[in-house]
Structures are given as C-alpha cells and as structure tokens.
Amino acid sequence: MAITIALAGNPNSGKTTMFNDLTGSSQHTGNWPGVTVEKKEGRLKGHREVVLQDLPGIYSLSPYSPEEIVSRSYLVNDRPDAIINIVDASNVERNLYLTTQLLELGIPVVVALNMIDVVRKTGDEIDVKKLEQALGCEIVETCALRGEGSVQAAERAVALAKNAAVTLTKNTFAPSKNTITNTAGNAHTSSLSKEAPRFLNRRTAFSNEVEAALDSIGSLVRELGAVKDKVAGKINNGEAYLRWLSIKLFERDAEAAKDAGIADTAEGKRVLAEIEKITTAVEDKLDDDSESIITDGRYNYISDIVKQTVKRKNAFALTLSDRIDRVVTNRILALPIFAGVMFLVYFIAVSTVGAWGTDWVNDVLFGSLVPDGVANGLAALGTAGWLNGLILDGIIAGVGAVIGFLPQMLVLFVLLAFLEDCGYMARIAFILDRIFRRFGLSGKSFIPILVGTGCGVPGIMASRTIESDNDRRMTVMTTTFIPCGAKLPIIALIAGALFPGSMWVAPSAYFLGIFAILVSGIMLKKLKRFSGRATPFVMELPAYHLPTPGGVLRTMLERGLAFVKRAGTIVLAATVLVWFLSSFDTSMQMVDTTDSILAIIGDKIAVIFSPLGWGDWRAAVATITGLIAKENVVGTFGVLYGFAEVAEDGAEYWPQLIAAFTPLAAYAFLAFNLLCAPCFAAIGAIHREMMDVRWTLFAVAYQCGFAYVISLIIFQMGRLFGGGGFTVGSAVAIVFILTLVWMIGFKKPYAVPAGERLSGAPASEVA
Ligand code: GDP
C-alpha cells in the first residue's frame, strides 16, 4: 500500500530542495513565494511505495492565499499518512506558527529542523530533545542543501505512518488508505524518550476563556451530520479534527465551515449562529477579535517554547547576511547596485563571455562545419535542388541561427540561477516593493516578473499568489515585458550585429522591460478596472549562501534543454514553413525570395511597421512568427536574410541584416519584439489565469499597443534628434509622449470608495 507523505513548511524553508533531494527530481527552487503554487508529487528514491507531496510554502493554515488554500484542503481532506514539516532553524519562532497548526491536524508530524548549518555557523544552540518534548513530535536536524538528514526525516515519517497503519488493523475504525489512527502510546515511540510519547495530545494551550469557548463549540458541532462521521473515525483522529475545526470556527473561517458541510444546512446555520454568540462573548471579554486572540495565543505558546529551547549566542550580533543587506538593501544604494548587477549579468552573458561561445558556434559550427559537411553529403547523394535548399537554406540556416545563441543563453541562465540561489533575487523583490508601493502597486507583482526572467509561462502562473483580482490581472498583463530566455537571441542578435562592441544595448533590454512594467503599472492602476488596495506583501529574506554548483548547473541545463527542444520542434516547423513560403510563388513555382508568397503577404503587413522604422517585409514576417515562439524571430531572419549565402560561404547572414537595418530602426524593432504579445504558450497561460477571452484579448491588445507606442517613440525621436527633420511621425510620437506623461504624472487615480482604500503592508524583512 502506498504511503503518502506531505512536505509542508514556510516559503523558503528549503522544501523544494529537500523534495528534489528525496525524489531525485529537479523542481525549480526559488527564493520567493509562488515558486510552488501547485503541489507536486514524487516518489522517494529507492522506495517507490512512498509518495511525497511537495506543498506550496505557507505561513499558516488560514485561507488567505491560494497556496494556503491548496495546502490546507489537501491536508484536511486528503489526509496524507504523515507530514514532514520543514522548519527554518534560523527562524524558529516564525516557522513554529505553522507547526502548531500542523500538529493540530492529528496527522503524524516529523519536524525537519532545516538550515541547521546556518544555526551552527551563528553559534546559536537549539535544545532539540527539549523541543521534541515541548512539541510532542520527533525532530530531525537537516541541511537539505547538502542532503544531510533528509533521508532520516523521510525514514521517520514512513515509520510513523507505518506504525499508525499497524494500529489501524487493531482498531475499530474502518481501514482505508488515508485513515490512520495514531493514538498516543503507539504512534510515536522512537527518538522521544521512553516516557509517555506525546504526539497526539500535544496542542497549543490557549487562555482559559478561549479553551472554554473551544470546548463549547466542539460540543455544538460534534453531532452535526458531516462532522459526526469525521469525528467517529471516517478520517484520522476524530478528536483532533474536532479541536481543529472548533478553532477555525472560532476564527470565523467560512471555508472551514463550508468544508465541514456545516454552512449549508438549516441546523448548521443555527449552530453557526450559536458559535457566533460564544465567539462574540469572548471577544468582548478580551477586547480583541477572535482571529487575533488565536494568533496571540499561538505566539505566546511558541515564545514560551522557544525561550526554553533556543539559546542565541548573541541576540544583537549582526550576521554576515545582515551586514551584506545593510549595503545591498540600503535605501540609496539598493537601486544602483541592482542596476549594476543586472548590467553585469547581461554584459557577461551577451556582450562578452557568452558572445565568444556564440561567435564560435555561428562562425565555425553553423558557419562552415555543419553546412559544408551537409552540402558535401547532399552533393554526394545527388539530391534534388529543392531538397538541398530546404535543408541548407531552411533548416540549417533557421534552426542553426537560433541554436547559435545557446552559449549566451547558458551563461545568462547560470548567472540568473546563481543570483536566485544565493538569495539576491529575493532582495530585488524587496527593494522593488519599496518603489512599487510608492505608486500604490504591490511588490508581490514583481515576483512573477522575476520568475519570468527564465520563461514567461511560470512567471504568469506565479501571479496566482496575488489575492486581489485587479492586481493579479495587471501583473499577468505586464509580466512578459521582462525579457525571457527565448527573447535573448533577439537581443543578442541586434546587439551583436548592429551595435558591435556596445556595452549598453543588451542590458538596456532588461531595463526597458522593467520600465514598461512600472509605467504600465502606474497607468493601469489609475483606471477603475485595476483600482483598489495593493495586496499586502510579506516575505522572508533567506540568509545569503553560496549556491551549490550542482543546483546552478541543473537549473541551467533544464532551461537550456527546454530551449534546444523548442529549437528542434516549434522553431524547426516554423523554419520549414517560412522557407516554403519564401521559396515558392502562388503557382507553386520556385522563385526568388522577393517574388515569393511570403514577400507578398509580408509587404502588406510591413506597412503597419513603417512608422517604427522597420517596414521591411522580412522584419514584419519575423515579428509575426515570433508570436508562435520568440526564437522564431531569429530563425526567420536566418532563413530570409541568409538566402543564397549558406551554400556559398556559410550561414553568416549578419552583413545582410546590417544592410537592411539602421541601428535606430533595429533598436525600435528590438523594443517592439520585447514588449509585444508574447508567444502562444504564454498567451495560453494568460488565458488560463484570466479565465476570460475578453480579458485575454485585452491583455494582448494592450501589450501590442504599448509596444507599438514605445517603438514608435524610440524611432521617431531618434530620427528627429539625429537630424532627420520634423515629420508627421515626429508629431505623433510627441503626442504619445505627452499622453504618457499625463497618464503617469497628472491623471487622477480612480477614487476607491472609502473603507476599501489602504495601501499595501510593507514587505517585512526578517533575516
Ligand atoms: P522552498 O521555498 O521552501 O521550496 O525553499 P527552497 O528549496 O527553494 O530553498 C530556499 C533557499 O534556501 C534556496 O536558495 C536553497 O538553496 C536554500 N536552502 C535550502 N536548504 C538549505 C539548508 O539546509 N541550508 C542552507 N544554508 N540553505 C538552504
């Protein structure tokens, strides 16, 4: 029989790291909430009968965020056989808040005291034996990052689940996969001393008034239809469930009432009214609302435990992490440092180290080795002319042009993975939160954007952590402005071909993305449909640490592989299509590219882009194919500009590109392609998150419109200041600039009715 073990813990406690370690999978770890929005399943290495569920990171079991709802409904309704609760040992107080709630579920819990390496380094001491006794559950010290203790934690969880399962057969309760009982005395005997094991009965003790109220609530709901079944043993540990439910009802948790089937029946409603009376009486007496009463109760309880078990070496000493943060998150220095870091990232990846690799791949591998080899092979085989054309001018020129950028991409991915893993990216979210809040935007909106630097799809999905519908929609619409991995080839191509030796072009693409997000955020937030209070944003800043090379390489390979896969599928297919359409005319005769079907269609579309400086049909076609996958932009260039070049002197098509574009037009082209609607996959993700066709269309229209305006401003203003003379285009660009300035600086925001207005709570920094 399969055993299911859930991994639960606060965001950033190291859950994903442990999950990967235990299952051998390579889920992406990240330093911000939202990386694990959905639960993931894997099997324990070497023990396929043990299923591990990685739950989203949560701070509590209250239904405040989608993660908490996902985790809670899984724990309460699906009842795993045991829980490994990952606790960040360097921040015990905060983490035990969740632990106390998990213990109340009545499911066997093993606490993995993770990041124990950090604790040891600071010289703090945790009396694990005492903490085990206080909590009434086993504790295993772990350092998931180095794979220490994880397996023991899993072993203990399995043992607990099995022990309980054995008990089950002797019990009167109906046996089923998820029904385990662990009555005190037989469920938990291992590392707790021989004295009475206290797994089950240990629970947060609240004040006398609250305990009395919880008892009364318990007796009121105990006999209600659905609850009765559960208490009588349909689920594990009925009494624990009753206590848990009583606390939730005291907190007026509507979800819990609905889940327990109380909210819908007439009898249930009557009972809820009774409970309301009990709750109000306690609130009046203690002069606080019920939720705060419970929260305070928990924190008091935890703080007692911590006082007895944790000894800080020097409570006031600054850790190295704190010292780095003094500089890195400093009010004045934070932004310049962030700009400097991102500049370096793009400079190294696109302009220097990565570019050396790319040059070799482009000039040597796809420039001569591959095409020469294939051309000779084809000549030897005596293949037909059209087939040679398809393979050399189509596939090798197109796919080769895309793959050529792999070295730059790998370097970018390594650097980003390093920044994520060492903890710096979390600081960026924190720094940008400060700026965002000044404009009434939630810093939470920036997390999806940071995730989107790899790929827009998970970025868009990460927006689920944003509670407010308005903010979430706005974030979904703007996330893909940040250049994802697939846009890197476009950046690298334009920077390399048209701005050789320039340091600023590649990094500027990243800053253009941030600028677009900020400007869009400010403008959209002023409209009624995006108005409303900003979502509170709280996140932990994990201590800095050196990432493991394995972790960084794994992330790099994963993303690199995804890129190669796309090159071999979507890009390949698009390349073949582009080659076909650009080689034949309407009567299916092979013709010069300029007379092809694609040239005829492209010419019509290109008119739209003329005001942006790149009314060339080939650029228009590349932009359109980019909507399928952004790599196609470069692939299409490879085919359309590389024609006739390949067979003669290699796939080097840059001279043709340089002849077709002025640097200004090329930059306007880059800006449009970075900001316009993303690829099909990301548009699909937008649709899934919006759950509405009109919203999806609005998002795509906004992205394209915004891209058009920015690209037009860049080209027309560049032209004007470059001495190009004042034209209608310049006038239109000036009107756009004035409109943007008015929207950002002068337009009054939609007035949110009183009572709703509240700006976001500050991101709290807990080192
Ligand atoms: P999750 O949000 O709980 O899934 O946490 P992650 O697994 O993404 O880990 C958050 C960060 O903490 C990552 O940068 C990990 O590399 C790091 N981390 C995880 N476990 C440990 C550990 O035991 N010690 C240290 N020093 N860092 C860890």
Side-chain angles (χ1 to χ4, degrees), residues 6-23 25-42 52-59 65 67-68 70-71 83-92 94-95 98-99 102 111-122 124 126 139-153 319-321 324 416-430 447 450-451 454 458 462 465 538-555 558 766-767:
L7 298 187
N10 287 15
N12 268 325
S13 54
K15 263 180 323 77
T16 312
T17 310
M18 190 174 291
F19 179 80
N20 288 346
D21 189 31
L22 290 174
T23 59
S25 92
S26 52
Q27 295 293 351
H28 186 58
T29 59
N31 266 319
W32 44 78
V35 168
T36 321
V37 183
E38 286 166 47
K39 57 184 163 57
K40 295 178 206 106
E41 205 177 276
L52 292 172
Q53 284 281 2
D54 185 18
L55 300 181
I58 44 175
Y59 291 111
S65 64
E67 294 100 321
E68 287 175 351
V70 167
S71 299
I83 299 172
I84 299 179
N85 171 210
I86 292 134
V87 163
D88 175 356
S90 63
N91 196 354
V92 186
R94 174 71 101 100
N95 281 247
L98 175 66
T99 308
L102 293 175
V111 167
L113 203 54
N114 195 33
M115 312 232 184
I116 203 73
D117 53 318
V118 178
V119 176
R120 290 192 185 131
K121 218 183 271 166
T122 53
D124 293 352
I126 300 178
I139 296 175
V140 180
E141 293 173 77
T142 63
C143 171
L145 192 62
R146 293 201 296 260
E148 290 167 18
S150 308
V151 173
Q152 284 92 314
T319 60
L320 177 64
S321 230
I324 298 176
L416 290 178
F418 182 88
L419 289 182
E420 275 173 29
D421 272 7
C422 76
Y424 182 66
M425 283 294 193
R427 269 74 186 178
I428 298 184
F430 172 74
I447 292 160
L450 291 177
V451 176
T465 52
V538 181
M539 79 177 285
E540 307 265 328
L541 294 183
Y544 287 102
H545 66 93
L546 267 187
T548 55
V552 170
L553 286 180
R554 200 171 51 206
T555 310
E558 215 175 89
V766 189

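Ligands are counted one by one from 1 in listed order, and the atoms in each one are counted from 1 as well.
Both the backbone and the side chain of Thr17 come within 4.0 Å of ligand 1, counting heavy atoms alone. Using a 4.0 Å cut-off between heavy atoms, Ile86 makes no contact with ligand 1 at all.
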Identify all side-chain donor-acceptor contacts of residues 145-153 below 3.5 Å with residues at least two apart in sequence or on another chain.
residue, atom, partner, partner atom, Å
Arg146, NE, Glu148, OE2, 3.2
Ser150, OG, Asp21, OD2, 3.3

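Considering backbone and side-chain N/O of Glu420, none are found under 3.5 Å from N/O of ligand 1. Ligand 1 has a nitrogen or oxygen under 3.5 angstrom from a nitrogen or oxygen of Ser13. Between Gly14 and ligand 1, an N or O atom pair is found at a separation short of 3.5 Å. Every N/O-N/O distance between Cys143 and ligand 1 stays at or above 3.5 Å.
Taking every non-hydrogen atom of Val118 and a distance limit under 4.0 Å, the qualifying atoms of ligand 1 come out as 26 (N). Close contacts of ligand 1 with Asn114, meaning ligand atoms under 4.0 Å from a residue heavy atom, involve 20 (N), 21 (C), 23 (O). Each of the atoms 1 (P), 4 (O), 7 (O) of ligand 1 lies under 4.0 Å from some heavy atom of Thr16. In summary, the atoms of ligand 1 found under 4.0 Å from a heavy atom of Asn10, numbered by their order in the structure, are 3 (O).
Considering CD1 of Ile58 and CG of Leu102, their distance stands at 6.5 Å, rounded to 0.5 Å. Residue Thr17 holds its OG1 atom at 9.0 Å from NZ of Lys15, rounded to the nearest 0.5 Å. One distance of note links CD1 of Ile86 with CG of Asn12; it measures 12.0 Å at 0.5 Å rounding. Atom CG in Leu55 sits 8.0 Å away from atom CD1 in Ile83 (nearest 0.5 Å). Rounding to the nearest 0.5 angstrom, the gap separating the CG atom in Leu7 from the CG atom in Leu52 is 5.5 Å.
Checked against Val552 for a side chain to side chain contact (heavy atoms under 4.5 Å, CB included), the options Leu419, Asp421, Leu416 give a single hit: Asp421.
Among Asp117, Asp421, Leu55, Asn12, the residue whose heavy atom sits closest to atom 26 (N) of ligand 1 is Asp117.
Between Ser13 and Asn114, the side chains place no donor N or O within less than 3.5 Å of an acceptor N or O (distance only, hydrogens not considered).
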